[in-house]
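Counting starts at 1 for both ligands and their atoms, in listed order. Note: hydrogens, waters and symmetry copies are ignored here, and every other heavy atom, side chains too, is used.
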Amino acid sequence: METLTYSHNAQAAQILAAYYETPPLAYVHSYGCQQNVNDGEKLRGVLMDVGFGICDNVEQADLILFNTCAVREHAEQRVFGNIGALKKLKQSNPRLIIGVCGCMAQQPHIVEKLRQSYPYVDLVFGVDGIDRLPAMLAQRISRGKRYLETPASRNAVVEELPIRRDSGFRAWLPIMYGCDNFCTYCIVPYVRGRERSREPEAILAEFRELVTKGYKEITLLGQNVNSYGKGLSRAIDFADLVNLLCEVEGDYQIRFMTSHPKDASRKLLDTIAAQPHLCKHIHLPVQSGSDRLLKEMNRHYTVAQYLELVDYARQQIPGVTFSSDIIVGFPGETEEDFEKTLELVRKVGYMQLFTFIYSKRSGTKAAELPDPTTHAEKAARMERLLKTQDEIAFAAVAAMAGQTVRVLVEAAGRTPGTVNGRLDNNLVVEFPADETLIGSWATVRLTGSRAALLVGTLCNVEGE
Ligand code: SAH
Ligand code: SF4
Ligand code: F3S
């Protein structure tokens with residue numbers, strides 16, 4: 001694997017400056033996971049580096065870029081719908097450049113569809129094009145022709161990309177890219193390529209910079225953070241990396257995702273217990289509660305092993321909470337398999353659950369399996385799952401009333417005059433306060449709950 005370093009493309013910047021009469025504006029929208037959102041922040045950074053300003057509506061934009069997700073069919077349909085809606089804009093402004101990038105554009109059949117059915121899309125490139133975006137734009141402008149890349153990716157990590165972060169107090173920090181797990185339903189390994197870990201020094205430098213700038217929450221990202229370090233010259237695993245980062249002094253908290261149960265180690269759980277900077281919440285996607293399906297999914301753990309891990313974490317980390325992803329209706333899922341999932345959900349008692357109806361992804365192994373269950377049956381199972389989960393989570397959330405907790409104030413609340421703060425355990429509390437508190441730590445007394453949302457009153461704000 002190679003480490004590349006971004007450098008400013010002066011020639012492309014010149015071509016862009018000559019093409020636009022006034023400084024151009026770019027609209028970048030990212031779909032999908034946090035990794036993609038972080039890529040979107042880098043796409044914006046790179047565009048600013050060659051003279052673009054950033055805008056947040058398509059009507060104003062000189063460049064519209066959709067950074068796409070391929071994980072489920074629904075995500076892809078949404079992107080095609082949104083691209084379709086741009087046709088009129090392009091007709092009224094032929095100089096508008098429309099680009100599609102990211103995970104969808106990493107699939108040859110999607111590039112072909114864009115080539116044939118969306119002639120007004122000017123630029124198409126995959127997940128590996130962020131640093132080369134200025135050069136691609138310059139080529140599109142100077143040749144006056146569409147630029148569509150055949151999907152490929154370098155076996156490389158690009159460092160020092162400029163970035164324009166969405167938030168001034170919460171940041172995404174990728175520690176690795178790609179995935180080697182090939183869960184049979186999942187397209188990610190095909191579109192994101194093989195696992196590549198960043199050098200610990202590069203991660204530490206970015207982490208330090210974030211803490212110095214006052215970022216209070218830093219989320220470490222990877223499709224499977226537990227396999228961090230594979231292939232690096234130095235022997236280092238995820239727990240070692242976390243311990244290294246926690247040596248940086250400052251008032252911050254660390255979250256991470258995603259942790260694959262097959263290699264979430266006791267060492268990692270001990271580290272979470274020992275390090276005050278680490279949030280006491282683990283996103284540990286189980287996908288199914290049936291050993292038979294876990295095997296078919298190529299997940300490499302059993303329900304018993306998963307529960308052992310949860311038990312060990314609960315013993316070591318007082319107050320730890322769990323969240324999970326679950327797929328309903330994997331090919332061949334029987335009523336009995338599904339009931340085992342319900343049973344597991346009851347046993348673990350997740351605070352949050354992200355649930356998905358299985359979506360067939362061409363090119364994956366599961367796409368070859370017979371799938372006789374109707375969509376209506378799958379939807380009915382989904383409803384039962386959500387109902388079970390709501391009962392558990394609502395009760396667990398309600399039981400927290402009376403506690404006084406420290407939160408990071410994130411956003412305006414849904415009720416006017418309130419804000420939302422996130423607890424260490426990832427629950428959210430709504431409480432009356434001014435929006436100027438967003439980005440601060442606050443102490444809140446929990447007074448009750450509405451569904452999965454806690455409600456409370458402000459005790460005090462730190463730094464005031
Ligand atoms: N690397 C992470 C997940 C990335 S994708 C992990 O292993 O946990 C996020 C979630 O999307 C997955 O956990 C899974 O629940 C869901 N997912 C992935 N492929 C899917 C598919 N084909 N159909 C439905 N859900 C899917
Ligand atoms: Fe997909 Fe599995 Fe990799 Fe997660 S670990 S990205 S679910 S293949
Ligand atoms: Fe989607 Fe790509 Fe993330 S497929 S979930 S945006 S890695």
Could you pull out, from Cys179, Cys33, Ala70, the option with a heavy atom nearest to atom 3 (Fe) of ligand 3? Cys33
Distance (rounded to the nearest 0.5 Å) between Asp263 CG and Ser227 OG: 6.0 Å
If we only count heavy atoms from C-beta on, is the Arg196 to Arg154 side-chain gap below 4.5 Å? no
With a 4.0 Å cut-off on heavy atoms, is Asn224 in contact with ligand 1? no
Is a salt bridge present between Glu308 and Arg314, judged by a nitrogen-to-oxygen distance below 4.0 Å? no
Going by the 4.0 angstrom heavy-atom rule, the piece of Lys360 near ligand 1 is neither
Ligand 3 contact on Gln35 by region, counting heavy-atom pairs under 4.0 Å: neither
Atoms in ligand 2 flagged as close to Arg299, the criterion being non-hydrogen separation under 4.0 Å: 2 (Fe), 7 (S)
Which residue and heavy atom of the protein sit nearest atom 23 (N) of ligand 1, plus the separation: Ser359 N, 2.9 Å
For atom 15 (O) of ligand 1, grab the closest protein heavy atom and report residue, atom and distance to one decimal in Å. Gln287 OE1, 2.7 Å
Are Ile282 and Leu269 packed together at the side-chain level, in the sense that at least one heavy-atom pair is separated by less than 4.5 angstrom? yes
Around Lys87, counting heavy atoms of other residues, nucleotides and ligands shown, do more than 12 lie under 6.0 Å from its NZ? no
Quick note on ligand 2: atoms under 4.0 Å from a heavy atom of His260 include exactly 5 (S)
Tell me which part of Arg361 gets within contact of ligand 2: side chain, backbone, both or neither, using heavy atoms under 4.0 Å. neither
How far is atom 19 (N) of ligand 1 from its nearest protein heavy atom, and which residue and atom is that? Tyr185 CD1, 3.3 Å
Can you check whether Ser323 reaches His283 side chain to side chain, under 4.5 Å on heavy atoms? yes
Residue and atom name of the nearest protein heavy atom (relative to atom 9 (C) of ligand 1), distance in Å to one decimal: Asp325 OD2, 3.7 Å
Near Tyr358, which atoms of ligand 1 are under 4.0 Å from a heavy atom of that residue? 23 (N), 24 (C)
Does ligand 2 have any atom that is closer than 4.0 Å to a heavy atom of Arg192? no
What residue and heavy atom of the protein are closest to atom 16 (C) of ligand 1, and at what distance? Arg72 NH1, 3.3 Å
Sorted by chain and number, sequence neighbours left out, side chain to side chain donor-acceptor pair (under 3.5 Å) with Thr3 holds for none
What atoms of ligand 1 come within less than 4.0 Å of a heavy atom belonging to Arg361? 22 (N)
Presence of salt bridge, Arg450 and Glu430, under 4.0 angstrom: yes
Contacting atoms of ligand 1, where contact means under 4.0 angstrom from a heavy atom of Ile357: 24 (C)
Tyr312 six-ring face occupied by Arg266 cation (under 6.0 Å, within 45°): yes
Contact atoms of ligand 3, heavy-atom distance to Cys103 under 4.0 Å: 2 (Fe), 4 (S), 6 (S), 7 (S)
Output the list of atoms in ligand 2 that are nearer than 4.0 Å to some heavy atom of Pro189, sorted by atom number. 8 (S)
What residue and atom, counting heavy atoms only, is the protein's closest point to atom 5 (S) of ligand 1, and at what distance? Val71 CG2, 4.0 Å
Side-chain donor or acceptor of Ser324 paired with backbone N/O of Val286 under 3.5 Å: yes
Protein heavy-atom partner closest to atom 7 (S) of ligand 2 - residue, atom, separation in Å: Tyr185 OH, 3.4 Å
Are Val46 and Ile163 packed together at the side-chain level, in the sense that at least one heavy-atom pair is separated by less than 4.5 angstrom? no
Contacting atoms of ligand 2, where contact means under 4.0 angstrom from a heavy atom of Val188: 6 (S)
Is the number of heavy atoms from other residues, nucleotides or ligands within 6.0 Å of CD (Glu339) greater than 12? yes
Atom 7 (O) of ligand 1: the protein heavy-atom neighbour that sits closest, reported with distance to 0.1 Å: Arg299 NH1, 3.5 Å
Starting from atom 5 (S) of ligand 2, what is the nearest protein heavy atom, named by residue and atom, and what distance separates them? Asn181 ND2, 3.4 Å
Once you restrict to heavy atoms under 4.0 Å, what part of Ile327 touches ligand 1? Side chain, backbone, both or neither. side chain
If the cut-off is 2.8 Å, does any N/O/S atom of Cys179 fall short of it from atom 3 (Fe) of ligand 2? yes
What atoms of ligand 3 come closer than 4.0 angstrom to any heavy atom of Cys69? 1 (Fe), 4 (S), 5 (S), 6 (S)
Of the side chain and backbone of Pro285, name the one, both, or neither that has a heavy atom under 4.0 Å from an atom of ligand 2. neither
Within 45 degrees of the ring normal and closer than 6.0 Å to the centroid, is that where the cationic atom of Lys295 sits relative to Tyr301? no
Are Leu427 and Met351 close enough that some pair of their side-chain heavy atoms sits under 4.5 Å apart? yes
Ligand 2-proximal atoms of Phe182, by part, heavy-atom distance under 4.0 Å: backbone
Interatomic spacing from CG in Leu268 to CG in Asp237 - rounded to 0.5 Å: 8.5 Å
For Thr258, the ligand 1 atoms whose distance to one of its heavy atoms is below 4.0 Å: 2 (C), 6 (C), 8 (O)
Starting from atom 6 (S) of ligand 2, locate the nearest protein heavy atom and write down its residue, its atom name and how far away it is, to 0.1 Å. Gln223 OE1, 3.5 Å
Output the list of atoms in ligand 3 that are nearer than 4.0 Å to some heavy atom of Gln223, sorted by atom number. 7 (S)
Ring-face cation of Arg72 near Phe356 (centre distance under 6.0 Å, axis angle within 45°): yes
Heavy-atom contacts with Cys186 under 4.0 Å: which atoms of ligand 2 show up? List them by number with element. 1 (Fe), 6 (S), 7 (S), 8 (S)
Drop me the distance from Leu221's CG to Cys33's SG, to the nearest 0.5 angstrom. 8.0 Å
What is the ring orientation for Tyr252 with His277, classed by angle as parallel under 30°, tilted 30 to 60°, or perpendicular over 60°? parallel
Near Asn36, which atoms of ligand 3 are under 4.0 Å from a heavy atom of that residue? 6 (S)
closest protein heavy atom to atom 8 (S) of ligand 2 is Cys183 N, 3.3 Å
Find out whether Leu173 and Thr219 are in side-chain contact, i.e. whether some heavy atom of one side chain is under 4.5 Å from a heavy atom of the other. no
Might you work through the ring pair (Phe, Tyr, Trp, His ring centres under 6.0 Å) test for Phe322 and Tyr350, ending with a clear yes or no? CA-CA 5 Å; Phe322 295 91; Tyr350 295 108; 7.1 Å; no
Please state which part of Gln223 comes within less than 4.0 Å of ligand 1, counting heavy atoms only: side chain, backbone, both or neither. both
Find all atoms of ligand 1 within a distance of less than 4.0 Å from any non-hydrogen atom belonging to Pro285, and give their numbers and elements. 8 (O)
